Amino acid sequence: MVKYYIFDMDGTLCDSMTYWRREAEHVANPRDVNLMHDAYEHMREYYTNTIALKEGVIEALKAARGQGIKCCIASATARNVSQPFLERSGLMEHMEFYIDCFEVGAFKNKPDIYLIAAERLGADVSECAVFEDAEYCAKTAHEAGFYVVGVYDRQSASEGDCSKYSDMYIRSFSDFKGIDI
């Protein structure tokens, strides 16, 4: 039975992937600390002023809370970059915690972030659903034994099909009625 939801943030809960792709175009070398610093500063400004939650997210989170489901965010985005958005959107009011790949020390091509999130929730993998928009992330979570809810994102869909690794696929949180297993 699924009693815990682990959410990716970018492309899943909010419409931010277009901005991330735009910033990536300006970073010729991701190991260039100055270029990456500039990209993170630009993203922090987008999170402060521009990026919005996807339709139906808050309602879905309220419904989950009403069913006793505990939720968290497991994001590739460092919290210090997304913090303005988290505060402005009220997203953290519905979450137990936020964990990011930098804190974990591994990106989402490895299951570490999902496994640590489940552990922090006090859950077994079999009790957790991971919500992801990116194909490789959905694949990682699926191969680690998580129930995967693929979430459509226009930008991410152009880079791969997360539905291939999803137990459930939604085009919008407005369509999400929960998981009945």
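These figures come from a predicted structure and were not determined experimentally.
Two residues are said to be in side-chain contact when any heavy atoms from C-beta on lie closer than 4.5 Å; Leu53 and Leu91 meet this criterion. In this structure the side chain of Phe97 reaches within 4.5 angstrom of the side chain of Leu121, judged on heavy atoms. Two residues are said to be in side-chain contact when any heavy atoms from C-beta on lie closer than 4.5 Å; Val130 and Tyr147 fail this criterion. Looking at heavy atoms from C-beta onward, Val149 lies out of side-chain contact with Tyr169 at the 4.5 angstrom threshold. The closest side-chain heavy-atom distance from Glu23 to Asp38 is not below 4.5 Å.
A salt bridge links Glu159 with Arg21: at least one charged nitrogen is closer than 4.0 Å to a carboxylate oxygen. With salt bridges taken as basic N to acidic carboxylate O contacts below 4.0 Å, none links Arg120 and Glu96.
Within the 3.5 Å criterion, the main-chain N or O of Gly68 finds no donor-acceptor partner in the side chain of Lys3. Judged by distance alone, with hydrogens and angles left aside, the side-chain atoms of Ser75 form no donor-acceptor pair with the main-chain N or O of Asp8 at under 3.5 Å. Between the side chain of His142 and the main chain of Ala138, no donor-acceptor pair closer than 3.5 Å is present. A donor-acceptor pair under 3.5 Å links the side-chain atoms of Arg65 to the main chain of His94, judged by distance alone. Side-chain atoms of Glu87 do not come within 3.5 Å of backbone N or O of Pro84 as any donor-acceptor pair. A distance-only check finds no donor-acceptor pair linking the side chain of Ser156 to the backbone of Ala134 [under 3.5 Å]. With Asp153 contributing its side chain and Thr12 its backbone, the two residues share no donor-acceptor pair below 3.5 Å. Proximity of a side-chain donor or acceptor of Asp167 to a complementary backbone N or O of Val148 within less than 3.5 Å is detected. Checked by atom type and distance alone, the side chain of Ser158 pairs as donor or acceptor with a backbone atom of Gln155 at under 3.5 Å. Judged by distance alone, the side chain of Arg79 and the main-chain N or O of Asp100 form no donor-acceptor pair under 3.5 Å.
Gly11 and Val151 get closest at one heavy-atom pair: O-CG1, 4.5 Å. For the pair Phe85 and Met9, the tightest heavy-atom approach, listed with the atom from each and the gap, is CD2-SD, 4.1 Å. The shortest non-hydrogen separation linking Thr140 to Pro111 is CG2-N, 3.5 Å. For the pair Cys101 and Ala76, the tightest heavy-atom approach, listed with the atom from each and the gap, is SG-CA, 3.7 Å. Taking all atoms of both residues into account, the shortest heavy-atom contact from Gly122 to Tyr4 is O-OH, 4.0 Å. Looking at every heavy atom in both residues, Glu135 comes nearest to Gly160 through OE1-CA, 3.0 Å.
Atom CG of residue Leu86 and atom CD1 of residue Ile73 lie 5.5 Å apart, to the nearest 0.5 angstrom. To the nearest 0.5 Å, the span separating CD1 on Ile6 from CD1 on Ile116 amounts to 11.0 Å. Rounding to the nearest 0.5 angstrom, the gap separating the CG atom in Asp124 from the CD atom in Glu119 is 11.5 Å. Atoms CE and OG1, from Met43 and Thr48 in turn, are 10.0 Å apart once rounded to the nearest 0.5 Å. Distance NZ/Lys110 to CG/Leu115: 12.5 Å, rounded to 0.5 Å. The distance from atom OG of Ser126 to atom CE of Met1, rounded to the nearest 0.5 Å, is 12.0 Å.
Under a hydrophobic clustering in which Ile, Leu, Val, Met, Phe, Trp and Tyr are joined whenever their side-chain heavy atoms come within less than 4.5 Å, directly or via other members, Met95 and Tyr5 fall into the same cluster. Residues Val2 and Leu13 share a single hydrophobic cluster, defined by chaining ILVMFWY side chains whose heavy atoms lie under 4.5 Å apart. Under the 4.5 Å side-chain heavy-atom criterion for Ile, Leu, Val, Met, Phe, Trp and Tyr, Ile99 and Met92 are members of distinct hydrophobic clusters. Connection of Tyr136 to Tyr165 is not established within any shared hydrophobic cluster, with ILVMFWY side chains joined at heavy-atom distances below 4.5 Å, either directly or through further cluster members. Ile69 and Tyr98 fall within a single hydrophobic cluster, where Ile, Leu, Val, Met, Phe, Trp and Tyr side chains are chained together by heavy-atom contacts under 4.5 Å.
Under a cut-off of 6.0 angstrom, the local environment of CD in Gln67 is crowded, with over 12 non-hydrogen atoms contributed by other residues, nucleotides or ligands. At most 12 non-hydrogen atoms from other residues, nucleotides or ligands lie less than 6.0 angstrom from NZ of Lys139. More than 12 heavy atoms of other residues, nucleotides or ligands lie within 6.0 Å of CG in Asn49, so this atom counts as buried by the packing criterion. The number of heavy-atom neighbours closer than 6.0 Å to CD of Glu45, taken from other residues, nucleotides and ligands shown, is 12 or below.
Paired with Phe7 under the rule ring pair (Phe, Tyr, Trp, His ring centres under 6.0 Å), one option of Phe131, Phe176, Tyr114 passes, and it is Phe131.
Classification of the Phe102-Tyr40 ring pair by plane angle, with boundaries at 30° and 60°, yields perpendicular.
Between the side chains of Tyr152 and Ser163, no donor-acceptor pair is found at a separation under 3.5 Å. Side-chain contact of Ser172 with Glu55: a donor-acceptor pair under 3.5 Å is absent, judged by distance alone.
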Please determine whether salt bridge (Lys or Arg N to Asp or Glu O under 4.0 Å) holds for the pair Lys62 and Glu93, giving the CA-CA distance in whole Å, both sets of side-chain angles, and the decisive distance to 0.1 Å. CA-CA 10 Å; Lys62 286 180 180 178; Glu93 295 171 25; over 6 Å; no

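Figure legend: Arg88 and Tyr47 shown without cation-pi pairing, the cationic atom not lying both under 6.0 angstrom from the six-membered ring centre and within 45 degrees of its axis.
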